Amino acid sequence: MKKYMFSAAMAGVLLLFNFCATNPVTGKKDIVLMSEEQEIALGAQSDPAVLAQFGLYEDKSLQQFIQQKGQAMAAVSHRPGLKYEFKVVDSPVINAFALPGGYVYFTRGIMAHFNNEAQFAGVLGHEIGHITARHSVQQQSKSTLAQLGLITGMIISPEIAQLGNELSQGLGLLFLKFGRDDERESDELGVEYSTKIGYDASQMADFFQTLQRQQESSGQMIPDFLSTHPNPADRYATVHKLADTWKKKENLTNAKVGRDSYLNLIDGIVYGEDPRQGFVENSVFYHPELKFRFPVPSGWAHHNSPQVFQMAPQDGSAMMNLMLVPGDNLETAAQTLLKNFNLEPVESKSVTVNGLPAIAVVADQKQEQQVIRTLTYIIRYGNYNYSLMGITTANNFNNYFQTFTNTMQNFAELTEADKLNRKPERIRIITVPQSATLSQVLQNNNIKQDRLEEFAVLNGMQLSDRLEKGTLVKVVSH
C-alpha cells in the first residue's frame, strides 16, 4: 500500500460489438468483440489501473532495459504497428502479463528470478505473442472478466466479492485465463521473436523449470502462462525443439544468453515483500512510511497492494479492506465512500480511535438475493482519511461485529523504531572466490539452512552444483 497511488483512475467499460477480423499471426478469421481501435483504447484506459494496483518499480536501468528489448522485439513481431509499452511493476509476485493493445508488464518478482537475458527475452516474446495473436481480446469475448485484488487462493462468497472487488478497484483483464492452445501459440511466438533478436530461446524452457520448482517449494501461485500447462516436461521438450528449428531458420550460430550482464543489471533489486509498503508480523499490519498499525484477526488471510490492504477468514464469509478516501474532512470522506460504493447508511456516529477523530458508519448494499452490511471506520490521521471497512451479509453481521471493531478501534500511530526502520531484502550479486558447491557458497554468504533451497531455485541451480571460481551468484542482504 503506497501513499501516492490511491487516486489513479480506473478503466471504463467499453461498448463492444461483434467484429470479424483477420488474426495477424494465423491469417485466419476470428470473431471478436472489438475492433483494433477499441482494443488499443482498452489497453490505454487500463494502464493507470495496473499502475494503481501494483506501482511502477523505481529503477531507471531496469525500465530502460525492458523498454529497449521490448521495442526491438515488437519491431519483428506480427503487429509492429502497435504502440507498445513495457514496464516493470513493484510486486514480489512472480508474474508477467499483457493487456490488449500493446501493454506488457513484468513484476520485479519475475525479474529477480531470471538468470540471464535470454530467459527474460523468451517470456517477453511470450507476452507479446498474447497481444499479436489477440488472445486477450478473444478470451474477453468468451468469458466474464475475472476478479483481481481479492485474496489469492481464497474463495469469497460472490456477493461479498462483488463489493470487495469494487473497493479494491480490481482490473480483471490482468487475470484472463488463456487456454492451452493460446499458451502453446504464445510459446511458439516467444521462441520466434526472441530468436529474431538474437537470443537463445531454449533458455525460456529452463526458466519454466525454475517456475515449477518455485511453486513446488513454496506452494505459491504461478503465472497463468505456466499453470495452464499440466505437463511441464512436454512443454520443456517442445520449446527446446522449437528453439532449434528457429535457430536454423535464422541461421543463428552464436545465440546470446547474457548471464553476467543480466545478473549485474538486477544487482540490488528488492526481493520479496517490501516492508516500506506495509507488512504483517505477529498478526499486526505495520506501515512504516505512513506510520500506522492495526491488528489482523487471528487466522485471517491477507493481501497487500499499493491501493488496498485486504483481510478475510478462510471460509470467505466476510472481509475487511483498508484504503484511503478523498475528502478535506471526515464528513466529506464518508459521503464520498457511501456514494462511490452505492451504500445506504443505517446509522453513523463520531468516535475517537486512539486519540484520532473518526466516524463509524453502518451501511447496506442491497443485492438481488440478500443484503450486504458493512461497518466502516473512517479515521483522520496525517492529512489522510483511512477507511477500514468490514463486509459481510446482514445475517452474519452480528457474528463479525466484534471482530471488525477490534481491528478498527486499534488503528494507531506507529512509533516502534524497529518497525519504522525495517528495510527490504535486496538481491546482491557476488563472485565466487574459489570453486565450491552452490550450497557452500550460499552458506558462506550467510544464507540460512532453511532458505538454501529457495536460493537454489532463485539461481536456477541445484545445491549440489559445483561452481567455478569467478561465477556470479545471487544472494540477499538488507
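Note that the structure is a prediction, hence the values are computed from the model and not measured.
Side-chain atoms of Asn304 never come within 3.5 Å of backbone atoms of Phe309 as a donor-acceptor pair (strictly under, hydrogens ignored). For the pair Glu117 (side chain) and Lys256 (backbone), a donor-acceptor distance under 3.5 Å is absent. In this structure, the side chain of Asn459 engages the main chain of Lys474 through a donor-acceptor pair within 3.5 Å. One N or O on the side chain of Thr245 and one on the backbone of Lys241 form a donor-acceptor pair closer than 3.5 Å. A donor-acceptor distance shorter than 3.5 angstrom exists from the side chain of Gln119 to the backbone of Asn115, with no hydrogens or angles considered. In this structure a side-chain-to-backbone donor-acceptor pair under 3.5 Å is missing from Tyr199 to Phe120. Looking at Asn445, its side chain does come within 3.5 Å of a backbone N or O of Val441 through a donor-acceptor pair. The main-chain N or O of Val270 is found under 3.5 Å from a side-chain atom of Tyr57 such that the two form a donor-acceptor pair. The main-chain N or O of Val93 is found under 3.5 Å from a side-chain atom of Thr107 such that the two form a donor-acceptor pair. A donor-acceptor pair under 3.5 Å is absent between the side-chain atoms of Asp90 and the main chain of Leu51, judged by distance alone.
Considering all non-hydrogen atoms of both residues, Ala243 and Ser202 come closest at CB-N, 3.5 Å. When all heavy atoms are compared, the tightest approach of Glu127 to Ala96 is OE2-O, 3.4 Å. The nearest pair of heavy atoms linking His478 to Lys423 is ND1-O, 3.2 Å. Shortest non-hydrogen contact noted between Leu452 and Leu463 is O-CD2, 3.5 Å. When all heavy atoms of Met311 and Pro297 are compared, the pair lying nearest together is SD-CD, 4.0 Å. When all heavy atoms are compared, the tightest approach of Ala112 to Ile266 is O-CD1, 4.0 Å.
Put simply, the side chain of Leu472 reaches to within 4.5 Å of the side chain of Asn264, judged on heavy atoms. Looking at heavy atoms from C-beta onward, Glu468 lies in side-chain contact with Ser435 at the 4.5 angstrom threshold. The closest side-chain heavy-atom distance from Phe207 to Asn116 is not below 4.5 Å. Considering only heavy atoms from C-beta on, Leu467 comes within 4.5 Å of Val473 through its side chain. When side chains are defined from C-beta on, Leu458 does not count as touching Glu454, because their heavy atoms never get closer than 4.5 Å. Here the side chains of Ile66 and Phe106 are in contact, with some heavy-atom distance below 4.5 Å. Residues Leu242 and Glu192 have side chains not in contact (no heavy-atom distance under 4.5 Å, counting atoms from C-beta outward). Within the 4.5 Å cutoff, no side-chain heavy atoms of Asn385 are placed close to those of Ile379.
Proximity of the aromatic rings of Phe97 and Phe54 is defined here by a centroid distance below 6.0 angstrom, and this criterion is met.
How far CE of Met320 is from OG1 of Thr376: 11.5 Å, rounded to the nearest 0.5 Å. Separating the CD1 atom in Ile128 from the CG atom in Leu124 is a distance of 4.0 Å, to the nearest 0.5 Å. Once rounded to the nearest 0.5 Å, the distance linking CE of Met323 with CG of Asn321 reads 7.5 Å. Note that CD of Gln434 is 9.0 Å distant from CD of Gln440, once rounded to the nearest 0.5 Å. How far NZ of Lys69 is from CD of Gln64: 12.5 Å, rounded to the nearest 0.5 Å. From Tyr377, atom OH reaches atom CG of Leu388 across 10.5 Å, with rounding to the nearest 0.5 Å.
Taking the six-membered ring where tryptophan is involved, the planes of Phe292 and Phe411 are essentially parallel, since the angle between them stays under 30° and well short of 60°. Aromatic ring orientation, Tyr84 versus Phe86: parallel (interplanar angle below 30°, classes split at 30° and 60°). Classified by interplanar angle (parallel below 30°, tilted 30° to 60°, perpendicular above 60°), the ring pair Phe208/His126 is perpendicular. Ring geometry, His287 versus Phe285: the interplanar angle exceeds 60°, so the pair is classed perpendicular (tilted spans 30 to 60°).
Taking a 6.0 Å sphere around CG of Asn282, one finds it holds 12 or fewer heavy atoms contributed by other residues, nucleotides or ligands. Counting heavy-atom neighbours within 6.0 Å of Glu273 CD, excluding the residue itself, gives a total of 12 or less. In this structure, Asn254 places its CG atom where only 12 or fewer heavy-atom neighbours from other residues, nucleotides or ligands lie under 6.0 Å away.
For the residue pair Arg428/Ser477, the side-chain donor-acceptor check at 3.5 Å is satisfied. In summary, the side chains of Gln443 and Ser439 do present a donor paired with an acceptor at a separation below 3.5 Å, with no hydrogens or angles considered. For Gln67 and Gln63, the side-chain atoms include no donor-acceptor pair closer than 3.5 Å.
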side-chain contact (heavy atoms from CB on, under 4.5 Å) assessment of His240 paired with Gln203:
CA-CA 8 Å; His240 270 283; Gln203 293 290 322; over 6 Å; no
Using side-chain contact (heavy atoms from CB on, under 4.5 Å), reason through Phe279 and Lys419 one step at a time and then give a plain yes or no.
CA-CA 9 Å; Phe279 64 96; Lys419 305 297 190 300; 3.8 Å; yes
Yes or no on side chain to side chain donor-acceptor pair (under 3.5 Å) for Asn95 and Tyr105, after CA distance, side-chain angles and deciding distance?
CA-CA 9 Å; Asn95 208 357; Tyr105 308 87; over 6 Å; no
Let me see the working for Thr210 and Val457 under side-chain contact (heavy atoms from CB on, under 4.5 Å), right down to the final yes or no.
CA-CA 6 Å; Thr210 293; Val457 173; 4.1 Å; yes
Any chance you could lay out the ring-ring contact (aromatic ring centres under 6.0 Å, His included) test for His78 and Tyr193, step after step, and finish with the verdict?
CA-CA 9 Å; His78 292 84; Tyr193 298 159; 5.7 Å; yes
What do the steps show when you test Val284 against Phe294 for side-chain contact (heavy atoms from CB on, under 4.5 Å), and what is the final call?
CA-CA 6 Å; Val284 177; Phe294 59 82; over 6 Å; no
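Ion pairing of Lys87 with Asp47 is present here, as a side-chain N (NZ or NE/NH1/NH2) and a carboxylate O approach within less than 4.0 Å. Classification of Glu413 and Arg293 as a salt-bridged pair fails, no side-chain N sitting under 4.0 Å from a carboxylate O. One finds a salt bridge joining Lys247 and Asp200 here, because a Lys/Arg side-chain nitrogen approaches an Asp/Glu carboxylate oxygen to under 4.0 Å. The residues Asp450 and Lys448 are annotated as not salt-bridged, no charged nitrogen and carboxylate oxygen being separated by less than 4.0 angstrom.
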